[in-house]
Colleague: 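Okay, here's the structure, questions in a sec.
Each chain gets a letter, A, B and so on, in the order its sequence line appears, and its residues count up from 1.
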Amino acid sequence: MSLQSKGLEDEARGGRGRVRSSCPHTGDRSGQRPSRKLDPKTKAAPGRCRAWPGRTERTAGSSRPGSPQRKQLERKRGHELLRAPERSSAGRTRDSRRKRDGRASLKEQSSSAEKKGLPRKEEAWEQLRKPRSVSLASSGSGGESLSEEELAQILEQVEEKKKLIATMRNKPWPMAKKLTELREAQEFVEKYEGALGKGKGKRLYACRMLMAKKWVKFKRDFDNFKMQCIPWEMKIKDIESHFGSSVASYFIFLRWMYGVNLVLFGLIFGLVIIPEVLMGVPYGSIPRKTVPRAEQEKAMDFSVLWDFEGYIKYSALFYGYYNNQRTIGWLRYRLPMAYFMVGVSVFGYSLMIVIRSMASNSQGSTSEGESDNFTFSFKMFTSWDYLIGNSETADSKYASITTSFKESIVDEQESNKEENVHLTRFLRVLANFLIICCLCGSGYLIYFVVKRSQEFSKMQNVSWYERNEVEIVMSLLGMFCPPLFETIAALENYHPRIGLKWQLGRIFALFLGNLYTFLLALMDDVHLKLSKEEAIKNITHWTLFNYYNSSGWNESVPRPPLHPADVPRGSCWETAVGIEFMRLTVSDMLVTYITILVGDFLRACFVRFMNHCWCWDLEAGFPSYAEFDISGNVLGLIFNQGMIWMGSFYAPGLVGINVLRLLTSMYFQCWAVMSSNVPHERVFKASRSNNFYMGLLLLVLFLSLLPVAYTIMSLPPSFDCGPFSGKNRMYDVLHETIENDFPTFLGKIFAFLANPGLIIPAILLMFLAIYYLNSVSKSLSRANAQLRKKIQALREVEKSHKSLKSKAMARDSGDTLESGSKNATQLQLTKEETTPHSASQSQTLDKKAQDPGTASSAASRTVPPAPRSLPGSRPPGVRKDSGQARSQAHPWRSGSGKSAQRPRH
Amino acid sequence: MGNKQSVFTPQQLEEFQDNPFRQRIAQVFSEDGDGHMTLHNFLDMFSVMSEMAPRDLKAYYAFKIYDFNNDDYICAWDLEQTVSRLTRGELSAEEVSLVCERVLDEADGDHDGRLSLEDFQNMILRAPDFLSTFHIRI
């Protein structure tokens, strides 16, 4: 672009230079001007007012003296006769018309080049008013008014030229022609504009154009910057171009999840861990912050640390480390309160963000209905990005275009597939039956294994396998069931996108079983620990009591307090739960990575390098390369997030681990996909909104909210660890804060709000609101669909109408016009001057025949004509007539147009 | 931008080697259609491909670029050419013909089995990213 603009600017600069160089010509004139100016001005202005009642404001604005003008006018008239004879022969009517044009173009010049509607409207208006302007022109008589008229003519021509300069870039002319036209126009404007005292606008215009260009550039740079700020955008785009949008949707989901986890991490880290580390009682000062004596010598071993025991267990990463002091540090930070509120707000924020992104996704999906009409056309004509200037980018763009074509083809083939309905139905029922069998079987297997493991836990010295049987069985189920489901799902013959949803749903059910088995086992454990707690509490009390009151110690000297490591303590079930979740997360991460490494990367390496020395074609045959498993990965991510939500209350450090996990898996999986996976056999487009993933996530969030809420509301916290120790229930911390730190009336208000008599009506009201909003949205979407149907029908009608009309027109306009109207628009754009008038007229009629909607768009799209070369003939499609004016416009324009054109030929 | 630069670096020239329509662009903008450009043709090209060029002008030249046989209509053959260039011939023949059929089905307003300039403009002006992709920066 800059070359062209440079050319134009050079032109402009040259023109400006010419002004300066031509200044000596006009300089003497302008130098003489003031002396002459003074007296005729007063004389001429009233006269002009009389002669041109409609023009006073314009002449007053330009404030030109009468007598020097006449002189210039004569010179100019000569020039005009020399240079543009056809224009002077065109007669008064046209000149007076151009006057109006000039006024229009004055406005147009100030506006940007895109605002093409304005002058066109003016022109239309001018066309309607033409008879009046003729009468006006004829009314002016006498020497004085003649010069006025001539003056007006120059002004018009100047404006016309300016308009030409402004709209030059809209014309599909070759550059040489543009240049000559531009030079001519600029010379003309220079010559007469200076004389007419109106040369100021130009610099302003150039400045404005420059600013506009700069602004565009700035916006572009800013957009680029914004794009660069989105993390992993390039990686994901790269994957999308090779593997299709469905695989990319997983990575987008992963990125979104990473963002959510960062916020959660910030919340927990900033409000709980950092205050505790900075202001809490240091490590080793109280029993809950000290490793017990029995564990101390092993507490730093890697095997112990790997199990999150030892020093890690007694650190700020876990619930048990926190003290139940109401306030800590000089800030008097209420840590237990903060801990509770953060735990609640983790869920609150997650719910809010999930629901919000679901809502915004569904909004986006409804607004894109328009582009459905031209899926393939847009892909074909606008998908290549002409900006691409890098062969790698170009390669991936080619891949992405091919992929997107394939996606659309799959959609297309699915939509008009004809097949045996009964067979399909039967197969689908069969497949669902098989899958339900599988699910039941796996459920029973888990139940059986859990029962067995409870027996094992009672026995002594069980083997490694027996201890880890549940985990092993679950991993095996998770590894083998999804491929089994996929094999069965091949029977169903769904569209891959719908198939993916089914697959997701089925694996979700499978994983849900795993999750709840795990939770139940955990609950059993917790209850066991809680039942033992009372005994331990007694032991602790007794130990301390005995320690301080034991005989055989000098009563006068107070005994040094018992070392915190020696104090017997409870099992602290909260920390145990936190450790379970921590382990599960880490082992899950490792299993995922190892699966990727072995199942994808090593397989790909094997296939790639052993293919030379193998009996069959490994790449095409049995092992081949792995496809990216979208459903498994998405569900893994979702369930992992569920673990995080459940565990983060008991292990504040869990979110930090998860952030690390997501970060590494982003890079690792991106690499693995690009290096060792192949695209799916049928690349399919992801559904426009990721709402299915989000829905699953919401479900998991809800499911993981339940156990946490249960433990908070109905289990007593451990007596000797955690921020809520010593309280009956964890939420008592709220009561405490309200009673001690808030004024009493607030406490009353809270108590009043917590009244069931208020809560139940509130819930009812919410249900009513949901029902109402739901019905409103349903009716709106119905209206939306109807409107869309209407638009579609209208477009169809318009199409048929247009084609009929154009055929009729082609027949009517006779044999001579045939060549002209055949490729009408083509000619109109290229050979505007040489087109016969009648042909251009027939094009006008063609345009008029269109619907109002397309007429306006067509009008805004056609380029304005060359005013100099075609002053008389009305160019086609420039006027923006309304629908009613159309019917009467036809006879009237053909008459007037011809009368205006006749003299020329 | 380009104002300060009068000589193309090799990289900049290299950058335009990847466009699948490069020959078409050269042909459309050259005077006699053989792909050899004068300075003015060259300026023309960049004027059309510039960011500031109006939509209609771009649509008009885009039509010419996609009209491979220069018959002022985009017919099925032109479409096949376009598809095979865009995908480097990775689609099968059936897929290509399916795509062409669908394009004609979507954009052909007067049902004459080919796209006229008007059909093309009608379609392309609704495209959300035509303006953003159909330009070249130097």
Side-chain angles (χ1 to χ4, degrees), chain A residues 1-7 9 113-114 116 169-172 174-176 178-179 213 216-217 220 370-371 373-391 393-394 398 401-402 405-406 408-409 412-413 799 802-803 806 823 825-826 829 854 857-858 861-863, chain B residues 1-3 15-21 31 40-44 46-47 49-57 59-62 66 72 79 82-83 86-88 90-91 95 98-99 102-103 106-107 109-111 116-118 121-130 133-138:
Chain A
M1 69 149 281
S2 54
L3 256 193
Q4 178 255 355
S5 63
K6 189 181 160 192
E9 267 173 22
E114 288 146 45
K116 276 175 284 171
R169 62 166 76 236
N170 295 4
K171 301 186 196 319
M175 188 53 77
K178 269 189 189 170
L179 282 177
K213 249 183 247 170
V216 166
K217 188 172 182 323
R220 198 170 66 203
E370 168 70 16
S371 61
N373 298 320
F374 294 112
T375 333
F376 281 96
S377 312
F378 287 171
K379 279 210 169 71
M380 182 173 289
F381 295 121
T382 67
S383 60
W384 181 261
D385 193 342
Y386 284 72
L387 282 173
I388 288 176
N390 175 358
S391 59
T393 321
Y398 280 121
I401 291 172
T402 313
F405 266 123
K406 278 184 180 162
S408 296
I409 288 170
E412 192 60 33
Q413 283 169 343
K799 269 184 190 171
K802 196 169 65 184
S803 61
S806 64
N823 32 19
T825 26
Q826 167 84 15
L829 281 159
T854 47
S857 73
R861 139 158 56 89
T862 44
V863 266
Chain B
M1 288 167 285
N3 308 18
E15 278 177 5
F16 300 103
Q17 299 299 308
D18 295 307
N19 195 316
F21 304 111
E31 225 154 333
H40 281 168
N41 298 146
F42 190 71
L43 289 179
D44 258 343
F46 279 106
S47 136
M49 302 306 272
S50 83
E51 206 173 11
M52 307 286 276
R55 227 184 153 107
D56 317 312
L57 194 66
Y60 171 71
Y61 278 102
Y66 294 122
D72 298 331
L79 292 177
T82 313
V83 174
L86 274 178
T87 59
R88 283 181 176 166
E90 287 198 18
L91 293 184
E95 285 172 327
L98 179 83
V99 168
R102 290 296 303 153
V103 169
E106 285 166 1
D110 42 9
H111 303 292
S116 63
L117 176 62
E118 204 171 325
Q121 283 178 330
N122 197 16
M123 180 269 301
I124 208 84
L125 294 182
R126 289 174 210 229
D129 42 10
F130 171 64
T133 56
F134 194 75
H135 71 93
I136 295 176
R137 275 182 220 148
I138 43 176

Colleague: What pairs with Tyr66(B) under ring pair (Phe, Tyr, Trp, His ring centres under 6.0 Å), at least two apart in sequence or on another chain?
Modeller: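 Once residues adjacent in sequence are excluded, the partners of Tyr66(B) under the ring pair (Phe, Tyr, Trp, His ring centres under 6.0 Å) criterion are Phe381(A), Phe21(B).
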Colleague: Between atom CE of Met380(A) and atom OG1 of Thr87(B), what is the distance when rounded to the nearest 0.5 Å?
Modeller: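 Met380(A) atom CE to Thr87(B) atom OG1 measures 9.0 Å (nearest 0.5 Å).
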Colleague: Just give me the residue among Leu79(B), Asn41(B), Val83(B) that pairs up with chain A most often, heavy atom to heavy atom, under 4.5 Å.
Modeller: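 Maximum pair count with chain A is reached by Leu79(B).
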Colleague: Quick one: list whatever passes ring pair (Phe, Tyr, Trp, His ring centres under 6.0 Å) with Phe405(A), sequence neighbours left out.
Modeller: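 Ring pair (Phe, Tyr, Trp, His ring centres under 6.0 Å) list for Phe405(A), sorted by chain: empty.
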Colleague: Select one option (side chain, backbone, both, neither) describing which atoms of Leu86(B) are under 4.5 Å from chain A's heavy atoms.
Modeller: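 For Leu86(B), the contact with chain A is made by backbone and side chain together.
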Colleague: Counting heavy-atom pairs under 4.5 Å with chain B, which one of Val216(A), Ile401(A), Thr382(A) comes out on top?
Modeller: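 The answer is Thr382(A).
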Colleague: At their closest point, which heavy atom of Met123(B) faces which heavy atom of Phe378(A), and how far apart are they?
Modeller: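 Heavy-atom minimum between the residues: O-CE2, 3.3 Å.
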Colleague: For Thr82(B), which atoms come within 4.5 Å of any heavy atom of chain A: side chain, backbone, both, or neither?
Modeller: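 Contact with chain A is through the side chain of Thr82(B) alone.
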Colleague: Please determine whether side chain to side chain contact (heavy atoms under 4.5 Å, CB included) holds for the pair Thr402(A) and Arg88(B), giving the CA-CA distance in whole Å, both sets of side-chain angles, and the decisive distance to 0.1 Å.
Modeller: CA-CA 8 Å; Thr402(A) 313; Arg88(B) 283 181 176 166; over 6 Å; no
